[in-house]
Amino acid sequence: MARDSPNEDDDHENLIHQNKDKSASFRIEELQSPIRRRFSKGQYLFAAIVTVISLVATIYLFFSSKICGTTSDRIKESQLRALYLLNKQRSSLFDLWNHTFGTSNNITAVRFDQIKASLLDQITLNRHIKDTLLSKENGTVSVPIVNGSEICRKIDPKSSKRRTIEWKPDPNKFLFAICLSGQMSNHLICLEKHMFFAAVLNRVLVIPGSKFDYQYNLVLDIEHINECIGRKTVISFENFMELKKNHARIDKFICYFSIPLPCYTDEDHLKQLKSLGISMGKLETAWKSEDIENPSPKTVKDVEEKFGTKEDVIAIGDVFFANVEKDWVLQPRGPIAHKCKILIEPSKLILLTAQRFIQTFLGSGFVALHFRRHGFLKFCNAKKPSCFYPIPQAADCIRQMVEKANTSVIYLSTDAAESETSLLQSMLVMNGKTIPLVKRPPRDSAEKWDSLLYRHGLDGDDQVEAMLDKTICAMASVFIGAPGSTFTEDILRLRKGWETASSCDEYLCHGEEPNFIAGDK
């Protein structure tokens with residue numbers, strides 16, 4: 001999608017107020033009279049910013065004319081065009097000055113946000129000037145232009161410095177994963193931690209079946225894990241039951257947490273397990289006072305001491321909130337030695353469908369936004385400051401990120417109501433152009449991007465849809481996440497593993513690289 005409209009004059013005419021003064025030069029004296037008033041420190045700072053931006057643009061124009069000035073009439077036309085844009089920029093800066101400081105010496109938080117947004121528009125205009133001067137049509141591109149791809153660089157995963165553990169299980173020893181906390185994102189994090197436990201304890205990990213948990217084989221490539229490690233390390237519940245001739249027994253059922261409930265489970269879940277042909281003894285607790293609200297740091301030695309046993313089949317539950325070797329477990333590509341980029345990744349059908357969707361609707365460079373709203377208001381308002389933002393504030397933050405990333409389209413992953421997303425779309429306007437928010441459309445037989453899911457009967461499955469959302473977000477040039485969301489964390493895990501993570505990835509309106517840890521409150 002082209003970033004500049006065919007009629008650039010009209011775009012900027014709609015965006016920026018035109019001053020009657022058409023002079024192309026810049027005179028410092030024009031700033032002296034207003035600066036001599038009694039201004040606050042913030043106003044002096046703003047005056048300095050105005051002066052610096054205009055001076056830099058003028059100096060840049062002068063030297064560019066020296067570089068390009070004698071080659072063709074088209075170059076002269078570009079320079080005249082740039083002079084016109086510079087004059088517009090100067091007029092807009094003075095207009096911003098007069099409207100901001102004309103009536104009051106106090107800068108409110110809202111007004112300061114308006115100043116930032118307006119200055120960002122001027123930076124955009126400045127880039128248009130550079131593009132005009134250094135147009136490839138002129139054949140004079142000799143000064144480097146900093147663009148979004150250079151600002152938002154890919155993060156070096158430094159995988160060579162990973163601390164890893166070899167997973168070499170005894171084929172006759174099993175660890176049954178118990179993951180009951182929250183929805184699929186929580187369960188995937190729990191499953192990844194169970195893999196670490198299984199590696200420490202030298203056991204094959206039994207992945208739960210759909211009658212007790214989610215149907216993981218619909219969203220994950222389970223055999224991919226074994227192929228990456230080079231041996232049989234995980235087994236499906238169905239294959240495990242075949243080995244045990246449908247009469248399996250959990251010899252030792254150990255609870256990681258004891259508060260609020262042992263194993264974070266209840267009698268109904270235990271009955272479900274028994275109905276599947278699994279017998280077990282009574283629950284044991286590893287620590288008498290381990291609370292999911294305040295998990296204490298544990299080490300590999302603690303895991304070996306509390307869960308090491310000679311029994312053939314053990315179960316450990318639920319470890320989603322477990323704080324075990326956090327720095328080790330949360331490394332890019334995970335804590336276990338393997339030959340792939342990432343161990344837990346979406347199924348091949350979901351990967352292909354995500355690629356086809358991107359090819360159809362987004363293109364190679366796009367921003368992905370996980371905009372969580374439903375049920376998030378109470379969660380965010382318990383934090384100081386709140387992580388739940390009004391739509392206008394969120395739109396302002398998103399516009400700034402799109403400008404920084406130099407992209408023209410946003411993929412929207414959200415549970416927000418149509419009323420909220422419609423308002424958000426209406427406010428995402430930059431340089432007179434709407435920044436499109438793209439969501440996955442409902443199933444349409446005329447479209448072929450999702451035909452693989454349809455043919456395999458997976459279209460409309462909630463967990464498949466959620467994993468498809470994550471996969472598309474993980475393939476974006478830049479990702480904006482929801483702070484405190486395990487959905488966001490799972491996307492970050494994929495981005496770090498696939499090496500698609502960008503230096504511009506951040507939480508919405510936080511201005512920092514996401515670093516959310518599972519179990520943090």
Side-chain angles (χ1 to χ4, degrees), residues 165-180 187 190-217 220 222-223 225-258 262-265 267 269-287 290 298-320 322 324-325 329 335-338 343-344:
I165 182 173
E166 294 284 340
W167 191 357
K168 297 181 178 179
D170 181 331
N172 297 312
K173 303 291 184 182
F174 300 93
L175 169 59
F176 197 98
I178 303 293
C179 296
L180 301 172
H187 287 229
C190 175
L191 198 63
E192 189 170 30
K193 290 183 178 180
H194 267 297
M195 289 166 58
F196 181 65
F197 277 57
V200 170
L201 300 171
N202 298 315
R203 290 177 175 271
V204 175
L205 183 66
V206 180
I207 296 180
S210 59
K211 293 182 180 179
F212 182 72
D213 201 336
Y214 290 112
Q215 192 169 348
Y216 290 99
N217 63 337
L220 300 180
I222 294 175
E223 273 310 306
I225 299 171
N226 293 325
E227 291 168 2
C228 290
I229 295 174
R231 60 185 67 92
K232 196 76 169 179
T233 55
V234 297
I235 185 173
S236 69
F237 174 77
E238 290 75 18
N239 288 342
F240 171 72
M241 292 301 288
E242 284 180 17
L243 283 174
K244 299 297 181 179
K245 303 188 186 309
N246 293 320
H247 293 288
R249 175 175 175 79
I250 296 176
D251 302 307
K252 210 171 182 64
F253 201 131
I254 310 170
C255 300
Y256 189 98
F257 290 98
S258 53
C263 290
Y264 203 61
T265 187
E267 194 62 34
H269 284 102
L270 297 178
K271 286 179 180 178
Q272 280 182 325
L273 271 178
K274 292 175 182 177
S275 70
L276 297 175
I278 298 176
S279 60
M280 67 190 78
K282 77 173 186 177
L283 304 184
E284 305 176 26
T285 53
W287 295 280
E290 191 69 10
K298 305 296 183 187
T299 65
V300 164
K301 185 178 179 181
D302 294 325
V303 173
E304 291 173 334
E305 288 178 353
K306 294 295 183 178
F307 303 103
T309 175
K310 294 181 180 179
E311 304 288 355
D312 289 342
V313 182
I314 67 170
I316 302 176
D318 176 322
V319 298
F320 168 71
V324 177
E325 302 282 7
V329 170
I336 298 171
H338 60 88
L343 276 180
I344 299 180

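Only heavy atoms go into these numbers, but all of them, side chains included; no hydrogens, no water, no symmetry mates. Computed from a predicted structure; not experimentally measured.
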I want to check something: taking the side chain as every heavy atom from C-beta on, are [X] and [Y] in contact at a cut-off of under 4.5 Å?
X	Y	result
V324	K193	no
I207	S236	no
L243	I235	yes
F253	L273	yes
H194	C179	yes
W167	V234	yes
F196	V303	no

Qualifying residues under side chain to side chain donor-acceptor pair (under 3.5 Å), relative to [X], sequence neighbours excluded:
X	answer
Q272	none
T309	none
T233	N226
D170	none

Atom pair [atom1]/[atom2] of [X] and [Y] - distance to nearest 0.5 Å:
X	Y	atom1	atom2	answer
K310	D251	NZ	CG	14.0 Å
I178	I254	CD1	CD1	12.0 Å
K244	I278	NZ	CD1	11.0 Å

### Message
E290: which residues meet the side-chain contact (heavy atoms from CB on, under 4.5 Å) condition with it, sequence neighbours left out?
### Response
Y256, F257, W287, P295, S296, K298
### Message
Testing the basics here: between L205 and M195, what is the closest heavy-atom pair and its distance to 0.1 Å?
### Response
CD2-CG, 3.6 Å
### Message
With a 3.5 Å distance limit and no angle check, can you tell me whether H338 reaches the backbone of I225 through a side-chain donor-acceptor pair?
### Response
no
### Query
After noting the C-alpha distance and the side-chain angles of K232 and E223, does the key distance pass the salt bridge (Lys or Arg N to Asp or Glu O under 4.0 Å) rule?
CA-CA 9 Å; K232 196 76 169 179; E223 273 310 306; 3.4 Å; yes
Please tabulate, for the side chains in residues 311-318, all donor-acceptor contacts under 3.5 angstrom to protein atoms that are two or more places apart in sequence or on a different chain.
{"unit_1": "D312", "atom_1": "OD1", "unit_2": "K173", "atom_2": "NZ", "d": "3.0"}
{"unit_1": "D318", "atom_1": "OD1", "unit_2": "F320", "atom_2": "N", "d": "2.8"}
{"unit_1": "D318", "atom_1": "OD2", "unit_2": "L180", "atom_2": "N", "d": "2.6"}
{"unit_1": "D318", "atom_1": "OD2", "unit_2": "S181", "atom_2": "N", "d": "2.8"}

### Query
Do the rings of F237 and F240 sit parallel, tilted or perpendicular, given the 30° and 60° boundaries?
tilted
